[in-house]
Amino acid sequence: MADAAYGLWPLVVLNTLLFIVFAASFFHPKSKRDWRAMGAYSAFLVALFTEMYGTPLTIYLLGSWLGSQFPLLKDTHAGGHLWNDLTGWTGDPHLSPFHLASYIAIGIGFWLIAAAWKVLHDAAQHDHLATTGPYAWVRHPQYDGFLLIMIGFLLQWPTIPTLVMFPVLVYVYARLARSEEREVAGRFGADWNAYATRTPAFWPRLKTHHRGPGRTTSRPGRKDAASRGRTAAPKRPHTGEDTVAESPSHRTVGR
């Protein structure tokens with residue numbers, strides 16, 4: 001092996017456990033669904049760090065096929081930064097645009113998981129629907145957080161196994177989210193329906209602006225209700241949106 005940075009199996013185990021424990025400390029898995037989400041994330045990390053510090057299978061495969069066209073594609077630690085190899089980046093691989101972007105994606109991902117958990121914890125204490133903080137923008141910010149961390153690692157150190165796994169894991173998280181939503185809809189009824197109507201599942205609708213907990217502006221739900229011929233009694237709050245917006249949530253989204 002051309003680089004002593006590979007074959008470091010203790011580092012494979014250490015880094016895998018470090019990132020799993022770090023994420024679990026923010027996510028606080030409890031239910032079977034939570035543990036399935038953590039399991040998918042953990043499998044991605046095992047595949048990632050096995051190639052990052054163990055055996056660079058992707059470099060071996062691509063090097064034998066594309067080595068003559070991409071001279072940087074070698075079984076060295078620098079060669080493992082695949083996007084740098086393919087674009088011809090010759091500077092410090094840890095300072096490349098891909099690597100710097102990966103730091104941002106991973107940092108935002110962990111922040112989303114932690115910030116969403118605080119809202120969920122408060123919602124569980126009061127048995128309400130989570131609609132504040134990250135939940136004001138998307139219904140599943142914790143799943144978004146896991147996906148952002150994976151995207152960050154794919155920008156930093158893509159491998160064939162992790163590139164194949166990523167769309168599968170997106171599908172897994174989408175199914176977990178739908179299963180979770182069915183349960184919450186049965187519990188919160190109209191409140192959940194109003195919240196789900198105005199809040200996207202994973203990708204934020206940037207044109208909707210929130211002034212703070214319990215107050216929102218540019219709420220399409222009211223306009224839609226009016227266009228369908230439904231009218232609200234004067235000086236009386238709407239039963240759907242206002243109820244949800246003024247009462248923080250339960251474990252609805254992200255768990």
Side-chain angles (χ1 to χ4, degrees), residues 1-27 29 34-110 113 143-176:
M1 202 172 280
D3 196 327
Y6 293 113
L8 303 176
W9 296 104
L11 276 182
V12 174
V13 175
L14 178 62
N15 279 276
T16 301
L17 290 178
L18 177 65
F19 278 91
I20 290 174
V21 172
F22 194 52
S25 68
F26 292 140
F27 187 57
D34 295 344
W35 285 109
R36 285 198 294 270
M38 279 296 302
Y41 166 78
S42 301
F44 180 90
L45 291 180
V46 170
L48 171 74
F49 289 119
T50 294
E51 291 215 34
M52 188 179 290
Y53 296 110
T55 303
L57 298 177
T58 297
I59 299 300
Y60 291 157
L61 291 173
L62 295 183
S64 61
W65 176 36
L66 300 172
S68 59
Q69 301 178 44
F70 299 96
L72 296 177
L73 199 59
K74 299 177 180 179
D75 59 337
T76 63
H77 186 75
H81 296 81
L82 193 59
W83 301 125
N84 296 343
D85 303 338
L86 299 179
T87 58
W89 176 271
T90 57
D92 188 333
H94 302 94
L95 297 178
S96 73
F98 299 105
H99 214 93
L100 296 177
S102 78
Y103 294 147
I104 296 173
I106 293 170
I108 294 175
F110 278 117
I113 295 172
Y143 291 159
D144 275 354
F146 280 120
L147 293 175
L148 272 174
I149 293 170
M150 294 179 199
I151 290 172
F153 279 123
L154 288 176
L155 288 171
Q156 182 181 137
W157 196 284
T159 69
I160 292 175
T162 54
L163 287 170
V164 171
M165 289 175 66
F166 182 73
V168 176
L169 295 178
V170 170
Y171 175 74
V172 168
Y173 283 129
R175 288 202 56 174
L176 290 174

Would you give the length of the straight line joining atom [atom1] of [X] to atom [atom2] of [Y], rounded to the nearest 0.5 angstrom?
X      : Y      : atom1 : atom2 : value
Asn84  : Asp92  : CG    : CG    : 9.5 Å
Leu163 : Leu82  : CG    : CG    : 8.0 Å
Leu17  : Ser42  : CG    : OG    : 9.0 Å
Thr16  : Leu11  : OG1   : CG    : 10.0 Å
Asn15  : Leu45  : CG    : CG    : 9.5 Å
Phe22  : Ile106 : CZ    : CD1   : 11.0 Å

- Take atom OH in Tyr103; do more than 12 heavy atoms of anything else shown fall under 6.0 Å from it?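 Yes, enclosed.
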- Task: Just jot down the side-chain hydrogen bond (donor to acceptor under 3.5 Å, both in side chains) partners of Ser102, sequence neighbours excluded, or say none.
- Result: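 Listed in chain order: Gln156.
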- Task: Take Asp144 and Ile113, measure what side-chain contact (heavy atoms from CB on, under 4.5 Å) needs, and give me the verdict at the end.
- Result: CA-CA 8 Å; Asp144 275 354; Ile113 295 172; over 6 Å; no
Counting C-beta onward and ignoring hydrogens, is there a side-chain heavy-atom pair between [X] and [Y] closer than 4.5 Å?
X      : Y      : answer
Val12  : Trp9   : yes
Ile160 : Leu57  : no
Thr58  : Pro161 : yes
Phe44  : Leu154 : yes

- Task: Anything under 30° is parallel, anything over 60° is perpendicular, the rest tilted; go ahead and classify Phe49 against Tyr53.
- Result: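 The arrangement is parallel - the two ring planes meet at less than 30°.
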Give me the atom names and distance for the closest heavy-atom approach of [X] to [Y].
X      : Y      : value
Thr162 : Thr159 : OG1-OG1, 2.7 Å
Met38  : Phe146 : SD-CZ, 3.7 Å
Arg36  : Leu176 : NE-CD2, 3.5 Å
Gly109 : Leu148 : CA-CB, 4.0 Å
Tyr173 : Ala40  : OH-CB, 4.1 Å
Leu155 : Trp83  : O-CD1, 3.1 Å

- Query: Phe153 and ring-ring contact (aromatic ring centres under 6.0 Å, His included): which partner among Phe166, Phe98, Phe19?
  - Reply: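 The residue from Phe166, Phe98, Phe19 that satisfies ring-ring contact (aromatic ring centres under 6.0 Å, His included) with Phe153 turns out to be Phe19.
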